[in-house]
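The model shown is predicted, which means the values in this text are computed figures rather than measured ones.
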Amino acid sequence: MQNLKDLEYSELKAKLELRFGEAHSLQNYYTQFTNRRQKFGENIAAFGSDVEMLARLAYPECPDLMRDKIACAQFVSSLSDSFVKRALQMEGVTSLRIAIERAKAVQLIQGTCFENNKEENNKVNKNGNFFENKSGVKVGNKRECWECGKEGHFRSECPDRTGAENID
């Protein structure tokens, strides 16, 4: 590395611009924009506004409509929920604001459906906390076999199962 004392003003200025100048900043923002992914548990609205800010920094001279389409494409491709991502891709959304609103709506619908399924799965049948296995034997939520109804093992470990049935 050269000694900084030996550099002329123009050389020093060129080196500093190369390191800290606008071109370097644009490249840095572009890298952040293209590598931005939705983090686990991150709110869709917060993620969308972050993508929008990075798009403005990475493409400062791009027309607003074009920058919005680029940001929308990056937003959709970077979503962590593949169901929401596929839904937006199938709709062909090209505006970031619309993509954020649609993603929130799909996530809300998906969460509502998930909660309904969870409630149905947690319903207690007429036998109290017990469910019946295929043999009609009441099985609780302890370590009980769903095959024979005895405690101490699970269905996959049941000694009463035949060889062909052991393959699940």
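A side-chain donor-acceptor contact under 3.5 Å links Lys85 to the backbone of Ser77. Under the 3.5 Å distance criterion, the side-chain polar atoms of Glu42 are matched with a main-chain donor or acceptor of Lys39. Side-chain atoms of Asp68 do not come within 3.5 Å of backbone N or O of Asp64 as any donor-acceptor pair.
Transitive grouping of hydrophobic side chains (ILVMFWY, heavy atoms separated by less than 4.5 Å) brings Leu57 and Met66 into a common cluster. Hydrophobic clustering of Ile, Leu, Val, Met, Phe, Trp and Tyr side chains at less than 4.5 Å, counting indirect connections, keeps Ile100 apart from Leu65.
Contact of the Val76 side chain with the Val93 side chain is not registered, since no non-hydrogen atoms from C-beta on lie closer than 4.5 Å. Side-chain contact between Lys104 and Leu108 is absent, with no heavy-atom pair separated by less than 4.5 Å. Side-chain contact between Lys69 and Leu96 is absent, with no heavy atoms from C-beta onward closer than 4.5 Å. Side-chain atoms of Ile98 and Glu91, non-hydrogen and from C-beta on, never get closer than 4.5 Å to each other. Here the side chains of Tyr30 and Leu54 are not in contact, with every heavy-atom distance at 4.5 Å or above.
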Let's go through Tyr59 and Tyr29 carefully: what are the C-alpha distance in whole Å and the side-chain angles of both, what is the deciding distance for ring-ring contact (aromatic ring centres under 6.0 Å, His included) to 0.1 Å, and is it a yes or a no? CA-CA 9 Å; Tyr59 299 99; Tyr29 292 135; over 10 Å; no

Go through the steps to decide whether Phe75 and Ile44 satisfy the test side chain to side chain contact (heavy atoms under 4.5 Å, CB included), and finish with yes or no. CA-CA 10 Å; Phe75 171 79; Ile44 285 182; 3.7 Å; yes

Assess the residue pair Ser95 and Cys72 against the criterion (side chain to side chain contact (heavy atoms under 4.5 Å, CB included)); give the C-alpha distance rounded to whole Å, side-chain angles, the decisive distance to 0.1 Å, and a yes or no. CA-CA 6 Å; Ser95 167; Cys72 179; 5.6 Å; no

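When all heavy atoms of Leu26 and Ala58 are compared, the pair lying nearest together is CD2-O, 4.1 Å.
The line from CG of Leu79 to CZ of Arg86 is 12.0 Å long, rounded to the nearest 0.5 Å. With rounding to the nearest 0.5 angstrom, the OG atom of Ser82 is 10.0 Å from the CD atom of Gln89. The distance from the OG1 atom of Thr34 to the CD atom of Gln74 is 6.5 Å, given to the nearest 0.5 Å. Annotation: the span from Gln38 atom CD to Asp50 atom CG amounts to 11.0 Å, rounded to 0.5 Å.
Using a 4.0 Å cut-off between charged side-chain N and carboxylate O, Glu52 and Arg67 make no salt bridge.
A side-chain N or O of Arg37 and one of Ser78 form a donor-acceptor pair less than 3.5 Å apart.
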